[in-house]
Amino acid sequence: MAHTLFLTSADETPLTLIRNFLKSVLQTESVQAVLVPAKLLPSDTLMPHLISDPDLLAGADPLSPVFPLNASRMAAKLSVKPVQGKIAMVLRPCEIRALVELEKLKQANLENCLLIGADCMGAVSAKDHTNMDPPENFSPPKEENLAPACRACEHFVPENTDITIGLFGITPKETIMLQAGTDAGMTLLKKIAKDTGRQFTEDASERQTAVAEKLKQRIGYRDAMFAATRQALDSPENFARYFERCINCYNCRVACPVCYCRECVFNTDVFDHAPYRYVQWARRKGAIRMPADTVFYHMTRLAHMSLSCVGCGQCSNACPNDIPVMEVFRTTAFDVQRAFDYEAGRDRDDPLPLSVFKETEFTDIVGIESGPTESAGTGNNP
Amino acid sequence: MTQAHHPLIIAFVCNWCTYTAADLAGTSRLAYPENIRLIRVMCTGMVDPQYIIKAFLEGADMVLVSGCHPGDCHYINGNYKARRRIKLLKEILPRIGIEKERLKLTWIGASDGIQFSKTMQELVVQAKKLGPNPVNTQSVR
């Protein structure tokens, strides 16, 4: 069944069309408020806002290349208990994927959300945010100006949405595409179709072509980045050197949308070592780097979070010393998720790999021989 | 290498099976190499990946996690969960240049005293073949 609407207006940009669309979303009875990136006076900075006044949606800008934080954390916070009706949430595809992971980690409930995602134009690095105005005349940022995470991102079309706003390959430039992904989204679109007098159609083939082209470009960049990262991180020494500017501020952990523990083990007594321990370590190695445990911290975060990493790049944005953290996580996450045939944020029904097991799986890693045919290291087991 | 390499192997063994097997090996007067340091845990399912990372970062040449045979876990399925965590770590350790082969998982039942001793001997042979953990030979401070 056709579930796609095209909205067009000769004197409006895609951004104003989206703002008007969000207004009609907010005016539906079941929607209490809209969570959307916005620049509301007198503030000069784009940040997620929970907006209940339709007039203030004039400041909403989900197309901005400014990406101050991964809003999935805010979305999760708003979703854990029902309000009367739903909260519409306009999120980037990586934010939605992180939200899906947070739901699996029992930190969010998507039943209370109406998820709206637009084709993602990518974001610039945090340090390039300054003096960035929302593009009133809609033109996506150039690929080479995007943050590395975005340049390597193959998930620029939102998944798991109630409504997707399509922009890629859509002409003329005063047009946006609205596509329903769920029944809730369809109900809303039907109302908009009625109000605007538009007819439902099929997806635009131009969009598919544009998406395929972009995907190819992104995968090319991504694979080159993977290869470079694997090569750079091939020994303990090189790993330590990669993170040598790390000051253990843990900003990457705070910025990470899926690093969800209320109390991180690195903040507990476990890492509150007594002075004599440091001296012992220093004696054994001649010297130890202070702050200590930097390699341990990043390795642990890889073990804890790489299965749920969505590659949003906020860890790199958060680093005060410009360590390319995202590259390490994205590369490792790719290997790890592939090993479990899992992809973070792909499907709400895929269980977290460490929350389940099968009796017959991974038998090749059991035993002290390397071959997969060896038994479990016991001579007398039937 | 001019000096013989004396590998250090950290073994996380479950209370109900592999530790009991080690105990049996001891009471049966079966020797196993002194390169192994046993750490008794209640179940392999409680071995946090952090323990293993820490062991490697502190210079262990190999880490063994050993528990009950499938179906024999005292806590029903801790060993299956451990297997998934080992799988995860085997993908992560190469990022820091530690070979997957340095991390091992075995099931050794409580009555497998002989098997325990044999496994430990074989591990030392493999650890010698692998050579020292690069953490020990490089400047990682």
Side-chain angles (χ1 to χ4, degrees), chain A residues 229-230 233-241 265 270 281-282 284-290 292-296 298-300 302-304 306-307 328 331-333 335-340 353-370 375-381, chain B residues 18 21 45 48-50 52-54 56-59 62 64 66 69-71 77 79-98 100-101 103-109 111-112 114-116 118-120 122-123 125-126 133-141:
Chain A
T229 309
R230 287 194 189 104
L233 297 171
D234 61 346
S235 69
E237 199 167 62
N238 285 341
F239 192 94
R241 284 191 59 195
V265 64
V270 175
W281 289 321
R284 204 172 74 212
K285 297 183 176 184
I288 54 159
R289 176 192 185 278
M290 299 292 277
D293 292 323
T294 302
V295 170
F296 192 20
H298 290 288
M299 286 296 288
T300 301
L302 280 175
H304 284 176
S306 58
L307 276 166
V328 187
T331 307
T332 311
D335 294 344
V336 166
Q337 292 176 17
R338 189 177 47 183
F340 287 96
L354 291 189
S355 68
V356 289
F357 61 83
K358 291 192 191 97
E359 290 178 5
T360 51
E361 67 188 358
F362 305 135
T363 49
D364 58 317
I365 63 162
V366 181
I368 56 169
E369 306 298 335
S370 45
S375 80
T378 64
N380 51 5
N381 190 40
Chain B
T18 307
D48 190 309
Q50 268 199 303
I52 296 166
I53 294 170
K54 180 69 173 171
F56 280 122
L57 291 181
E58 289 296 310
M62 284 183 101
L64 169 73
S66 186
H69 284 280
N77 52 30
N79 47 1
Y80 290 123
K81 292 172 181 162
R83 185 164 62 189
R84 284 216 157 200
R85 296 195 188 119
I86 299 293
K87 175 75 181 168
L88 169 74
L89 278 169
K90 278 178 177 278
E91 297 297 325
I92 289 174
L93 290 172
R95 187 64 56 243
I96 186 177
I98 292 172
K100 292 178 182 194
E101 294 74 28
L103 176 59
K104 298 287 184 194
L105 172 69
T106 62
W107 318 131
I108 299 176
S111 59
D112 288 342
I114 297 170
Q115 191 56 41
F116 174 83
K118 272 190 195 163
T119 304
M120 297 305 133
E122 172 59 22
L123 273 184
V125 171
Q126 288 191 17
N133 175 351
V135 169
N136 293 329
T137 55
Q138 300 178 357
S139 298
V140 183
R141 300 197 162 93

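Computed over heavy atoms, backbone and side chain alike; hydrogens, waters and symmetry mates excluded. Remember, it's a predicted structure, so these values are computed and weren't measured experimentally. To find a chain, count down the sequence lines: A is the first, B the second, and so on, and within it residues start at 1.
- Taking the charged nitrogens against the carboxylate oxygens, B/Arg84 and A/Glu361 do have a contact shorter than 4.0 Å, which makes a salt bridge.
- Here the two rings, on A/Phe340 and A/Phe362, have centers that are under 6.0 Å apart.
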Could you walk me through whether A/Val270 and B/Gln50 satisfy the side chain to side chain contact (heavy atoms under 4.5 Å, CB included) test, starting with their C-alpha distance in whole Å, then the side-chain angles of each, then the deciding distance to 0.1 Å, before giving a yes or no?
CA-CA 11 Å; A/Val270 175; B/Gln50 268 199 303; 6.0 Å; no
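- Neither the backbone nor the side chain of A/Arg338 comes within contact range of chain B; no heavy atoms are under 4.5 Å apart.
- Proximity to chain B involves both the backbone and the side chain of A/Phe357, based on heavy atoms less than 4.5 angstrom apart.
- No other option in A/Ala240, A/Ala292, A/Ala339 has as many heavy-atom pairs under 4.5 Å with chain B as A/Ala339.
- No side-chain donor-acceptor contact under 3.5 Å links B/Arg141 to the backbone of A/Gly286.
- Contact tally against chain A (heavy-atom pairs below 4.5 Å) for B/Val135, B/Leu88, B/Leu57, B/Asn136: the top residue is B/Leu88.
- Comparing A/Asp293, A/Val336, A/Asn238, A/Val328 by heavy-atom pairs within less than 4.5 Å of chain B, the highest count is held by A/Val336.
- Note: B/Lys54 leads B/Glu122, B/Lys54, B/Lys90 in heavy-atom pairs under 4.5 Å with chain A.
- Contact of A/His304 with chain B is made through the side chain alone, with heavy-atom distances under 4.5 Å.
- Residue with the most contacts toward chain A among B/Gly59, B/Pro134, B/Gly97: B/Gly97 (heavy-atom pairs, distance under 4.5 Å).
- The contact between A/Val265 and chain B is made entirely by side chain atoms (from C-beta outward), counting heavy-atom distances below 4.5 Å.
- With hydrogens and angles disregarded, no donor-acceptor distance shorter than 3.5 Å links the side chain of B/Glu91 to the backbone of A/Thr332.
- In this structure a side-chain-to-backbone donor-acceptor pair under 3.5 Å is missing from B/Ser66 to B/Thr18.
- Not counting sequence neighbours, the partners of B/Arg95 by the salt bridge (Lys or Arg N to Asp or Glu O under 4.0 Å) test are A/Asp335.
- Interface residue A/Thr300: backbone and side-chain heavy atoms are both found under 4.5 Å from chain B.
- Contacts of A/Thr294 with chain B are absent, with no heavy-atom separation under 4.5 Å from either backbone or side chain.
- Here B/Asn77 is the residue among B/Asn77, B/Ile86, B/Leu123 with the most heavy-atom pairs under 4.5 Å with chain A.
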Candidate pair B/Val140 and A/Phe239, rule side chain to side chain contact (heavy atoms under 4.5 Å, CB included), full reasoning
CA-CA 9 Å; B/Val140 183; A/Phe239 192 94; over 6 Å; no
